[in-house]
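Notes for the one structure printed next.
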Amino acid sequence: THDLFSQEEMRTLVERQREFEERWKGLSPVLRQKEMERLAIDLSWKSSQIEGNTYTLLQTESLFKEGKRAKGKIKEEAAMLLNHQAALDYVLSHPDYFGELKVENILEIHRFLTKGLGIPNKIRSGRVGITGTNYKPLSDARQIQKALQDVCDLINFKQNVLEKALITLLLIAYIQPFEDGNKRTARILCNALLLANKYCPISFRTVDPDDYRYATLLFFEQNSLPSFKKMFIEQFEFSTVNYF
């Protein structure tokens, strides 16, 4: 297997992770929880924004902390955000559950993220089109199931936690196992793997949604990794510096 990160990239990432670990040790349980809540709000907001949600960060905070829905927004937007919160709560309350990735884990997180949004929580059968690309994902449910199992096997085989997270983020979106909610599921699972291995989670807070989509499409069409990997590294560094 090839290493996804260069030695220099890994040195930087390991250094940032060590800094995070040092700060984490010095935090009280109350402060750890507060910081995790802050990151959860940022992650839920940005992950939803990438999918076209129009809530602002402040409106998301009001929704999470006070249950206040923003005026003039459709109820599905609030549901999408609250589903992220529920999925992250589940991940945080089952820290060891995602130490090894299984197809059932993927379905479980997708179920949380799509609740009340009219999206079937089952492996897709039939074609799906992706806006802005000619890439055609697998269309047979059995092939999709096998591809997901292969991805789980690859992730579980990898020793490097950050490689596990990057592969999860990219390949679950690439396979498009569900009718909708694939990238959201990938982002939460990526964080579930990081948290299960005591790594700093990633909020993606400073990602431009168009840049995220462009880097994803570049991988879909050309299997080109550099743009997406650069974004992943930048966001991991951002999270290690700005939280906890």
Side-chain angles (χ1 to χ4, degrees), residues 1-28 31-36 38-43 46-47 50 88 91-92 95-101 105 150-174 183 185-244:
T1 61
H2 298 288
D3 293 333
L4 297 180
F5 299 107
S6 69
Q7 287 185 330
E8 192 181 334
E9 286 166 342
M10 268 319 296
R11 266 198 300 274
T12 303
L13 290 166
V14 166
E15 201 174 305
R16 292 286 172 271
Q17 170 62 16
R18 282 199 191 119
E19 288 166 7
F20 157 73
E21 286 170 6
E22 282 305 309
R23 285 203 311 281
W24 178 262
K25 278 184 213 159
L27 289 179
S28 69
L31 280 176
R32 284 179 187 177
Q33 189 178 341
K34 276 192 171 175
E35 281 299 280
M36 201 63 86
R38 186 164 74 91
L39 187 141
I41 291 168
D42 288 354
L43 170 57
K46 180 56 72 171
S47 179
I50 290 167
L88 285 164
V91 166
L92 289 166
D96 302 324
Y97 183 50
F98 295 91
E100 188 175 311
L101 195 62
N105 299 154
D150 288 347
V151 166
C152 289
D153 291 344
L154 172 63
I155 290 161
N156 295 331
F157 173 75
K158 285 277 182 184
Q159 298 299 308
N160 184 318
V161 175
L162 291 159
E163 285 192 358
K164 286 176 185 273
L166 179 58
I167 292 166
T168 303
L169 201 54
L170 267 177
L171 291 191
I172 289 173
Y174 183 75
K183 293 195 298 295
T185 301
R187 285 188 287 273
I188 298 302
L189 282 169
C190 156
N191 275 299
L193 282 165
L194 289 169
L195 287 161
N197 289 281
K198 297 185 169 42
Y199 271 63
C200 183
I202 303 175
S203 72
F204 301 99
R205 196 182 88 189
T206 59
V207 164
D208 180 283
D210 287 338
D211 291 346
Y212 190 102
R213 285 190 283 264
Y214 176 74
T216 304
L217 292 180
L218 210 55
F219 181 78
F220 284 2
E221 290 191 343
Q222 301 171 23
N223 289 147
S224 174
L225 188 60
S227 292
F228 201 93
K229 184 172 70 162
K230 180 173 179 282
M231 182 186 69
F232 177 89
I233 291 168
E234 286 169 356
Q235 291 308 306
F236 183 74
E237 288 195 77
F238 174 85
S239 288
T240 56
V241 170
N242 286 279
Y243 302 100
F244 310 104

Problem - Sole candidate of Ile172, Val91, Thr168, Leu193 that passes side-chain contact (heavy atoms from CB on, under 4.5 Å) when paired with Ile188 - result: Val91
Handout entry: Spatial distance of atom CG (Leu43) from atom CZ (Arg187) [nearest 0.5 Å]
Key = 8.0 Å
Practice task
On the 0 to 90° scale, with breaks at 30° and 60°, tag the Tyr199-Phe236 ring pair as parallel, tilted or perpendicular.
Solution key: tilted
Exercise for the section: Work out which heavy atom in Leu92 is nearest to a heavy atom in Met36; give both atom names and the distance. Expected result: CD1-CG, 3.6 Å
Handout entry: From CA spacing to verdict: side-chain contact (heavy atoms from CB on, under 4.5 Å), Asn105, Tyr97
Key = CA-CA 9 Å; Asn105 299 154; Tyr97 183 50; 3.2 Å; yes
Practice task
Take atom CZ of Phe5 as the centre, draw a 6.0 Å sphere, and report whether it contains more than 12 heavy atoms from other residues, nucleotides or ligands.
Solution key: yes
Exercise for the section: Heavy atoms only: give me the nearest Phe220-Ala173 pair and the separation to one decimal. Expected result: CZ-O, 3.4 Å
Practice task
Give a yes or no on this: more than 12 heavy atoms of other residues, nucleotides or ligands lie within 6.0 Å of atom CZ of Arg32.
Solution key: yes
Problem - Euclidean distance, Glu237 CD relative to Thr12 OG1, rounded to 0.5 Å - result: 6.0 Å
Handout entry: Closest approach of Pro209 to Lys46 (non-hydrogen atoms, all atoms of both residues)
Key = CD-NZ, 4.0 Å
Fill in the blank from the handout: Minimal heavy-atom distance between Phe232 and Leu162, with the atoms involved, is CZ-O, 3.8 Å
Exercise for the section: Could you please spell out the steps behind the side-chain contact (heavy atoms from CB on, under 4.5 Å) verdict for Tyr212 and Lys183? Expected result: CA-CA 11 Å; Tyr212 190 102; Lys183 293 195 298 295; 4.2 Å; yes
Fill in the blank from the handout: In terms of heavy-atom contacts, Tyr243 and Ser203 come closest through OH-OG, 2.8 Å
Practice task
Say whether Gln235 and Thr206, considering side chains only, have a donor N or O and an acceptor N or O under 3.5 Å apart.
Solution key: yes
Fill in the blank from the handout: dist Leu166:CG -> Glu163:CD (nearest 0.5 Å) comes out at 8.0 Å
Handout entry: Arg11/Glu15 ion pair, N-O < 4.0 Å
Key = no
Exercise for the section: State whether Glu19 and Arg16 are salt-bridged, where the test is any N-O pair (Lys NZ or Arg NE/NH1/NH2 against Asp/Glu carboxylate O) under 4.0 Å. Expected result: yes
Exercise for the section: Compare all side-chain heavy atoms of Asp3 with those of Asn160 and state whether any distance is below 4.5 angstrom. Expected result: no
Handout entry: Reported OG1-to-CE distance for the pair Thr216 and Met231, which is rounded to 0.5 angstrom
Key = 5.5 Å
Handout entry: Stepwise side-chain contact (heavy atoms from CB on, under 4.5 Å) test for Phe219 and Leu171
Key = CA-CA 10 Å; Phe219 181 78; Leu171 291 191; 4.0 Å; yes
Practice task
Side-chain contact test, heavy atoms from C-beta onward, threshold under 4.5 Å: evaluate it for Leu169 versus Phe228 and give yes or no.
Solution key: yes
Problem - Exceeds 12 heavy-atom contacts within 6.0 angstrom, atom CD of Glu221 - result: yes
Handout entry: Closest approach of Asp42 to Arg205 (non-hydrogen atoms, all atoms of both residues)
Key = OD2-CD, 3.1 Å
Exercise for the section: Ignoring hydrogens and angles, tell me if any N or O in the side chain of Glu9 forms a donor-acceptor pair with the backbone of Lys230 under 3.5 Å. Expected result: no
Handout entry: 4.5 Å side-chain heavy-atom contact, Lys164 and Leu101
Key = no
Handout entry: Step-by-step side-chain contact (heavy atoms from CB on, under 4.5 Å) determination, Leu88 to Leu39
Key = CA-CA 10 Å; Leu88 285 164; Leu39 187 141; over 6 Å; no
Completion exercise
Value for CD1 (Ile202) from OG (Ser47), rounded to nearest 0.5 Å, stands at 12.5 Å
Problem - Straight-line distance of Ser227 OG to Leu217 CG, nearest 0.5 Å - result: 11.0 Å
